[in-house]
Amino acid sequence: LGANAYIALADRPEKPAGDAPVAEPPPEPVAPEGEGEEGSPAPEVQKHRPTSLWYVAATASDVPLLVGKLLNRVDPPAEGEEEAAEDDEEVTPKIGVGEGVSFGAIDDAMKGLVPFHLHRSAITNPSVKFWYTPRKGDYLCVPILDSSGECIGIIGVDNLGQPKHLSDEDGQFVVDLAQKLAEKWVTLEDARLAKEAAELQAMEEAFTQQQAELSTALESAGEDAFAANKAKLSAARANLLALDKNKLAEIKGYRVVKPEVVRSVKAVFYTLGLAKRLPSWEKTKSYFDNKLPWGGELLDKIAKFDPAKKRSPKPFARAMRRLDGLTDEDIKRSSFVAFLLATWARAANELFQETLKAREAAETAGAPAADEIAPDEAEPVEEEAEEEEEEEAEED
């Protein structure tokens, strides 16, 4: 086409590993319409409506201008928010200046109306988003849809600054390309889900085996609460240390992470005393391998951590506030790795609380207090200009 091109990925609901493709039995016959309730047509499955586009690839000249940028959908005012016209005719809200036209193309393609939008003389359309100096030329947006009609992303093409116009034939050419990309994407996505399903099964089997060993240890501990909590921490630690270090690396690589995962990761850093308060996930990630350990280094610190030797309750209280209100099942549904991290943080807290009880009992009995534990060499990461008292209001 002799034009600039770029690809942006849409936000999509994350498929759990358990959604890997499996052979399905043939569908049962459906009664014709009009033969009672059983013959009624099945309700249409609601498709996800993308709200953001993340630019991931572009022709060489556009890489520094586009790749890594995020375009968010700006919806028109809701019904009733705009003043109605005097003749009571319906008012059609207008998209504002520079808010983008790609989402309109996505909506129309998902409804089956048109496969692409071609904006000739894009500079005359105030809604077109220019990431740099506006220039004359056309903009072509082709949504990439999978076989179910869900949006994967878009292919954008422009010939800004060029005398030649883009044609409907050019649009159809890019539509054909988008279909091939969608097929390849689905193939890769299915392979990823199948791999993750196998890895999840292996982690669950290892966890089940560790829980059986823990049950034996708890029976041996009997009514000794300290020994029981120590066994729980040992099992939680063993589950984490058995992890493939790449599983932690995957969490760092995610652009969007579920709140349950973020809260579990932060709880671990707080428990270890490595941070007093952490900011948004995007900024927290920038601390990994720099201010904060990650991967194998984080697992090494977990392996060496002994809550029974700690004296301050603040790190543990901070961690438990992050996990407050989250059940094991909540976290498991988001990430099994996050579930293992949260389980370890909770077990460390339980052992610390039991240690506090033992110390208080010893002090009451007149026993000498234990020596102060030397602080960690590294200072905890603390976000500047943030008060610790505000931590409970922090949003992950």
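Numbering starts at 1 and runs along the sequence shown. Predicted model, so just to flag it, every value in this text is computed and none were measured.
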Once side chain to side chain contact (heavy atoms under 4.5 Å, CB included) is applied, do any residues pair with [X], and if so which ones, sequence neighbours excluded?
{"X": "E183", "answer": "none"}
{"X": "Q162", "answer": "N159"}
{"X": "L113", "answer": "D108, K111"}

Next on the checklist: Taking side-chain contact (heavy atoms from CB on, under 4.5 Å) as the criterion, tell me which of I251, L200, I331 meets it with V337.
Outcome noted: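 When I251, L200, I331 are each tested with V337, the side-chain contact (heavy atoms from CB on, under 4.5 Å) holds only for I251.
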Please tabulate, for side-chain N and O atoms in residues 210-222, each donor-acceptor pair with protein atoms closer than 3.5 Å (sequence neighbours left out).
unit_1, atom_1, unit_2, atom_2, d
S215, OG, Q211, O, 3.1
T216, OG1, A212, O, 3.4
S220, OG, T216, O, 3.2

Looking at [Y] and [X], is any side-chain nitrogen of the basic one under 4.0 Å from a carboxylate oxygen of the acidic one?
{"X": "K195", "Y": "E199", "value": "yes"}
{"X": "D170", "Y": "K164", "value": "no"}
{"X": "E189", "Y": "R192", "value": "yes"}

Going by heavy atoms in the side chains, are [X] and [Y] under 4.5 Å from each other?
{"X": "M203", "Y": "L243", "result": "yes"}
{"X": "F352", "Y": "N229", "result": "no"}
{"X": "L326", "Y": "R346", "result": "yes"}
{"X": "I7", "Y": "L181", "result": "yes"}
{"X": "S264", "Y": "L323", "result": "yes"}
{"X": "D11", "Y": "H48", "result": "yes"}
{"X": "V101", "Y": "C141", "result": "no"}
{"X": "Q172", "Y": "D176", "result": "yes"}

Checklist entry - When the ring planes of F336 and F339 are compared, do they come out parallel, tilted or perpendicular, using 30° and 60° as the limits? => result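 Tilted: the ring planes of F336 and F339 meet at 30° to 60°.
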Checklist entry - Can you find a side-chain donor-acceptor pair between T187 and D190 that sits under 3.5 Å? => result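 No, because no side-chain N or O of T187 sits under 3.5 Å from a partner of the opposite role on D190.
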Next on the checklist: Between E329 and T327, is there a side-chain donor-acceptor contact under 3.5 Å, judged purely by atom types and distance?
Outcome noted: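 No, because no side-chain N or O of T327 sits under 3.5 Å from a partner of the opposite role on E329.
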Next on the checklist: If the condition is side-chain hydrogen bond (donor to acceptor under 3.5 Å, both in side chains), which residues does T343 pass it with, not counting sequence neighbours?
Outcome noted: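 Testing T343 for side-chain hydrogen bond (donor to acceptor under 3.5 Å, both in side chains), a comparison that skips the adjacent residues, returns none.
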Checklist entry - Hey, mind stepping through S167 and E169 against side-chain hydrogen bond (donor to acceptor under 3.5 Å, both in side chains) and telling me if it holds? => result CA-CA 5 Å; S167 66; E169 288 75 18; 3.3 Å; yes
Checklist entry - How does the hydrophobic cluster around V63 look, that is, which other residues are in it when side-chain heavy atoms under 4.5 Å mark a link? => result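 In the cluster with V63 are V67.
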Between atom [atom1] of [X] and atom [atom2] of [Y], what is the distance when rounded to the nearest 0.5 Å?
{"X": "S147", "Y": "Q179", "atom1": "OG", "atom2": "CD", "answer": "11.5 Å"}
{"X": "D138", "Y": "S121", "atom1": "CG", "atom2": "OG", "answer": "6.0 Å"}
{"X": "T271", "Y": "K310", "atom1": "OG1", "atom2": "NZ", "answer": "11.5 Å"}
{"X": "L298", "Y": "L341", "atom1": "CG", "atom2": "CG", "answer": "7.0 Å"}
{"X": "L66", "Y": "S61", "atom1": "CG", "atom2": "OG", "answer": "9.0 Å"}
{"X": "R49", "Y": "M110", "atom1": "CZ", "atom2": "CE", "answer": "9.5 Å"}

Next on the checklist: Around atom NZ of K332, are there more than 12 heavy atoms from other residues, nucleotides or ligands closer than 6.0 Å?
Outcome noted: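 Correct, the count exceeds 12.
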For [X], ring-ring contact (aromatic ring centres under 6.0 Å, His included) partners two or more places apart:
{"X": "Y139", "value": "none"}
{"X": "F288", "value": "F269, W281, W294"}
{"X": "F103", "value": "none"}

Checklist entry - Sequence neighbours excluded, which residues qualify as salt bridge (Lys or Arg N to Asp or Glu O under 4.0 Å) partners of R237? => result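 In terms of salt bridge (Lys or Arg N to Asp or Glu O under 4.0 Å), with neighbours along the sequence ignored, R237 is linked to no residue.
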Item to check | By salt bridge (Lys or Arg N to Asp or Glu O under 4.0 Å) - contacts of D158 (at least two apart) | outcome: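 Testing D158 for salt bridge (Lys or Arg N to Asp or Glu O under 4.0 Å), a comparison that skips the adjacent residues, returns none.
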Next on the checklist: Testing the basics here: between E350 and K232, what is the closest heavy-atom pair and its distance to 0.1 Å?
Outcome noted: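 For E350 versus K232, the nearest heavy atoms are OE1-CD, 3.8 Å.
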Item to check | Least distance between heavy atoms, A182 atom then I144 atom | outcome: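 That closest heavy-atom pairing would be CB-CG2, 3.8 Å.
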Next on the checklist: Let's go through V265 and T284 carefully: what are the C-alpha distance in whole Å and the side-chain angles of both, what is the deciding distance for side chain to side chain contact (heavy atoms under 4.5 Å, CB included) to 0.1 Å, and is it a yes or a no?
Outcome noted: CA-CA 10 Å; V265 171; T284 295; 5.7 Å; no
Checklist entry - Restricting to pairs with a member in residues 160-197, which pass ring-ring contact (aromatic ring centres under 6.0 Å, His included), not counting sequence neighbours? => result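 Matches after skipping sequence neighbours: none remain.
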